[in-house]
Amino acid sequence: MSTNRLRTLGSRLVGPGHPVYVTGEIGINHNGELENAFALIDAAAEAGCDAVKFQKRTPEVCTPRDQWEIERDTPWGRMTYIDYRHRVEFDEDGYRAIDEYCKKRGVDWFASPWDVESVAFLEKFDVPAYKVASASLTDDELLRAMRATGRTVILSTGMSTPKQIRHAVEVLGSENIVLCHATSTYPSKAEELNLRMIHTLQNEFPNVPIGYSGHETGLQTTLAAVALGSCFVERHITLDRAMWGSDQAASVEPQGLVRLVRDIRTIEESLGDGVKKVYDSELKPMSKLRRVKGVVAEAEEAEQAGTPVTV
């Protein structure tokens with residue numbers, strides 16, 4: 001196995017031949033409440049996820065100025081959009097609490113910074129990686145800021161052309177990234193997932209581990225992505241899909257997350273090494289069920305016994 005396709009995320013190696021790195025994308029599904037964030041971290045830890053991920057924005061940078069004063073109804077009353085963006089962001093104390101809680105629960109955490117200031121903010125913490133959201137793939141300044149940290153960068157490729165993806169890889173450098181196939185609709189339709197893109201990316205970027213960031217409903221297609229060779233998997237997670245928020249409906253609830261991680265582990269165990277062998281467990285059924293031994297089997301037995309045979 002080539003080490004060129006391996007990356008380090010915290011204490012884990014990610015890439016072919018290693019267990020799938022499973023990330024529960026909390027994003028902003030916590031709705032600005034630490035209690036919700038802790039409950040989602042609990043759900044991820046109990047399901048066996050390797051990490052949880054958040055989204056970090058500087059509201060004044062990421063929100064267009066003409067939208068700041070637009071009012072909207074929220075669970076906390078009617079407020080301007082810029083006030084809402086602040087309401088769902090955690091400050092440094094909030095992330096300190098998240099950092100301590102994740103350590104206690106034994107899961108990594110990292111985030112998608114949406115602006116350069118957010119990269120500087122997250123550098124206050126020893127995160128194992130940064131995630132480039134699909135919407136940020138064309139933001140060269142942001143990509144360069146992430147690359148300059150020296151940390152592993154996970155790049156989602158939704159809403160992007162092949163030329164844009166190649167340019168982003170050039171900006172980030174291929175030696176320290178994980179590339180994720182994604183479709184950026186919430187939720188994504190099955191006919192638009194195009195999971196064979198996983199093989200396309202594997203062929204085009206032979207020295208980069210390829211993962212999958214899914215926004216579909218259901219679990220089957222994420223499991224198919226693992227069977228196709230994804231070594232990193234990310235799904236949005238929620239306490240309840242009926243909760244307020246734009247990403248909740250395309251998220252996996254705690255009981256579904258348990259099944260997803262369980263089935264990913266079963267699939268990766270079942271894939272094997274691709275070398276055909278006769279297992280010891282097959283010998284008894286073979287002696288009972290196989291009526292004709294066959295000339296090849298007889299020759300193999302004779303060879304093992306050291307007896308010359310003509311086939």
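These numbers come from a predicted model, not from an experiment.
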Quiz item: Of the non-hydrogen atoms in Ser112 and Lys53, which two are nearest, and what is the gap between them?
Solution: OG-NZ, 2.6 Å

Practice problem: Give a yes or no on this: more than 12 heavy atoms of other residues, nucleotides or ligands lie within 6.0 Å of atom CD of Glu141. | Solution: no

Quiz item: Taking the side chain as C-beta and beyond, is there a heavy-atom pair between Leu179 and Val169 under 4.5 Å?
Solution: yes

Quiz item: For Arg78, does the CZ atom sit with more than 12 other heavy atoms under 6.0 Å from it, leaving out its own atoms?
Solution: yes

Self-check item: Backbone N/O of Pro128 and side chain of Arg151: donor-acceptor pair under 3.5 Å
Solution: no

Practice problem: Could you tell me which non-hydrogen atom of Glu192 sits nearest to which non-hydrogen atom of Thr185, and how far apart they are? | Solution: OE1-OG1, 4.1 Å

Quiz prompt | Carboxylate-amine/guanidinium contact Glu234 Lys131, below 4.0 Å | solution = yes

Quiz item: Do the side chains of Tyr212 and Leu193 get nearer than 4.5 Å, heavy atoms only?
Solution: yes

Exercise. Locate the shortest heavy-atom distance separating Ala168 from Leu155; write the atom from each residue and the value.
Key: CB-CD2, 3.9 Å

Quiz item: Can you list every pair that meets ring pair (Phe, Tyr, Trp, His ring centres under 6.0 Å) and has a residue in residues 148-186, with sequence neighbours left out?
Solution: Tyr186-His215

Self-check item: Arg12 CZ to Tyr21 OH distance, which is reported to the nearest 0.5 Å
Solution: 7.0 Å

Quiz prompt | Residue pair Lys104 / Glu100, side-chain heavy-atom distance below 4.5 Å | solution = no

Exercise. Ignoring hydrogens and angles, tell me if any N or O in the side chain of Glu253 forms a donor-acceptor pair with the backbone of Arg241 under 3.5 Å.
Key: yes

Quiz item: With hydrophobic residues grouped by side-chain heavy-atom distances under 4.5 Å, do Met243 and Val52 end up in a single group?
Solution: yes

Exercise. May I ask you to decide if Pro59's main-chain N or O and Thr63's side chain share a donor-acceptor pair within less than 3.5 Å?
Key: yes

Exercise. Kindly determine whether Val252 and Glu25 satisfy side chain to side chain contact (heavy atoms under 4.5 Å, CB included), including the steps that lead there.
Key: CA-CA 10 Å; Val252 180; Glu25 157 74 297; over 6 Å; no

Quiz item: Are any side-chain N or O atoms of Ser134 and backbone N or O atoms of Gly158, one a donor and one an acceptor, separated by less than 3.5 Å?
Solution: yes

Self-check item: Nearest-0.5 Å distance that lies between atom CD in Gln248 and atom CG in Leu239
Solution: 8.0 Å

Self-check item: Cationic N near anionic O, under 4.0 Å, Arg87 to Asp83
Solution: no

Quiz prompt | Heavy-atom donor-acceptor pair, Gln164 side chain to Thr161 backbone, under 3.5 Å | solution = yes

Exercise. Please answer: with hydrophobic residues joined when any side-chain heavy atoms are less than 4.5 Å apart, are Ile26 and Val88 in the same cluster?
Key: no

Quiz item: Same hydrophobic cluster for Val258 and Val107, using side-chain heavy-atom links shorter than 4.5 Å among ILVMFWY?
Solution: no

Quiz item: Is there a donor-acceptor contact under 3.5 Å from the side chain of Thr157 to the main chain of Cys180?
Solution: yes

Self-check item: Interatomic spacing from CZ in Arg7 to CD in Glu175 - rounded to 0.5 Å
Solution: 7.5 Å

Practice problem: Grab the two heavy atoms, one from Ile210 and one from Ile198, that are nearest each other, plus how far apart they are. | Solution: CG2-O, 4.0 Å

Exercise. Using the six-membered ring of Phe125, assess whether NZ or CZ of Arg96 lies under 6.0 Å from its centre and within 45 degrees of the ring axis.
Key: yes

Practice problem: Looking only at non-hydrogen atoms, find the nearest pair between Arg235 and Gly218 and report the distance. | Solution: NH1-O, 2.8 Å

Quiz item: Do Trp109 and Tyr95 make the cut of ring centroids closer than 6.0 angstrom?
Solution: yes

Quiz item: Are Leu6 and Leu172 connected in a single hydrophobic cluster, I mean Ile/Leu/Val/Met/Phe/Trp/Tyr linked by side-chain heavy atoms less than 4.5 Å apart?
Solution: no

Quiz item: Under 3.5 Å, is there a donor-acceptor pair between the side chain of Ser188 and the main chain of Thr183?
Solution: yes

Quiz prompt | Cluster overlap Trp114 with Ile154, hydrophobic side-chain contacts below 4.5 Å | solution = no

Self-check item: More than 12 heavy atoms of other groups within 6.0 Å of Asp280 CG
Solution: no

Quiz item: Is the closest basic N to carboxylate O distance between Glu282 and Lys277 below 4.0 Å?
Solution: no

Quiz item: Under the 3.5 angstrom rule, does the side chain of Asp115 hit a backbone N or O of Thr58 as a donor-acceptor pair?
Solution: yes

Exercise. Taking Asn31 for its side chain and Glu33 for its backbone only, find out whether a donor-acceptor pair lies under 3.5 Å.
Key: no

Practice problem: Might you point out which heavy atoms bring Ala249 and Thr217 nearest each other, and give the distance in Å? | Solution: O-CG2, 3.9 Å

Exercise. Check the pair Val208, Val178 against side chain to side chain contact (heavy atoms under 4.5 Å, CB included), reporting the backbone distance first and the verdict last.
Key: CA-CA 6 Å; Val208 175; Val178 176; 5.8 Å; no

Self-check item: Close side-chain approach of Phe38 to Arg105, heavy-atom, < 4.5 Å
Solution: no

Exercise. Could you give me the CA-CA distance, side-chain angles and deciding distance for Ile98 and His30, then say whether side chain to side chain contact (heavy atoms under 4.5 Å, CB included) is met?
Key: CA-CA 12 Å; Ile98 286 167; His30 50 70; over 6 Å; no

Practice problem: Answer yes or no: does atom CD of Glu92 have more than 12 heavy-atom neighbours from other residues, nucleotides or ligands under 6.0 Å? | Solution: yes

Quiz prompt | Any Ser156 side-chain heavy atom under 4.5 Å of Leu137 side chain | solution = no

Exercise. Answer whether the closest heavy-atom distance between the side chains of Glu60 and Trp68 falls below 4.5 Å.
Key: yes

Quiz item: For the side chain of Glu268 and the backbone of Val20, is there at least one donor-acceptor N/O pair under 3.5 Å apart?
Solution: yes

Exercise. Would you give the length of the straight line joining atom CZ of Arg262 to atom CZ of Arg259, rounded to the nearest 0.5 angstrom?
Key: 7.0 Å

Quiz item: So, do Arg144 and Val171 sit near enough that their side-chain heavy atoms are less than 4.5 Å apart?
Solution: yes

Quiz item: Are Asn29 and Asn36 side-chain neighbours, meaning at least one heavy-atom pair lies under 4.5 Å?
Solution: no

Self-check item: Spacing of CG belonging to Asn176 relative to OG1 belonging to Thr8, to within rounding of 0.5 Å
Solution: 8.0 Å

Quiz item: side chain to side chain contact (heavy atoms under 4.5 Å, CB included) between Thr149 and Glu123: does it pass, once the steps are laid out?
Solution: CA-CA 8 Å; Thr149 68; Glu123 276 296 289; 3.5 Å; yes

Self-check item: salt_bridge(Arg265, Asp50) N-O dist < 4.0 Å
Solution: yes

Quiz prompt | Distance in Å, Ser136 OG paired with Tyr130 OH, rounded so as to fall on 0.5 Å steps | solution = 14.0 Å

Quiz prompt | Non-neighbouring partners of Pro254 that pass side chain to side chain contact (heavy atoms under 4.5 Å, CB included), sequence neighbours left out | solution = Ala43

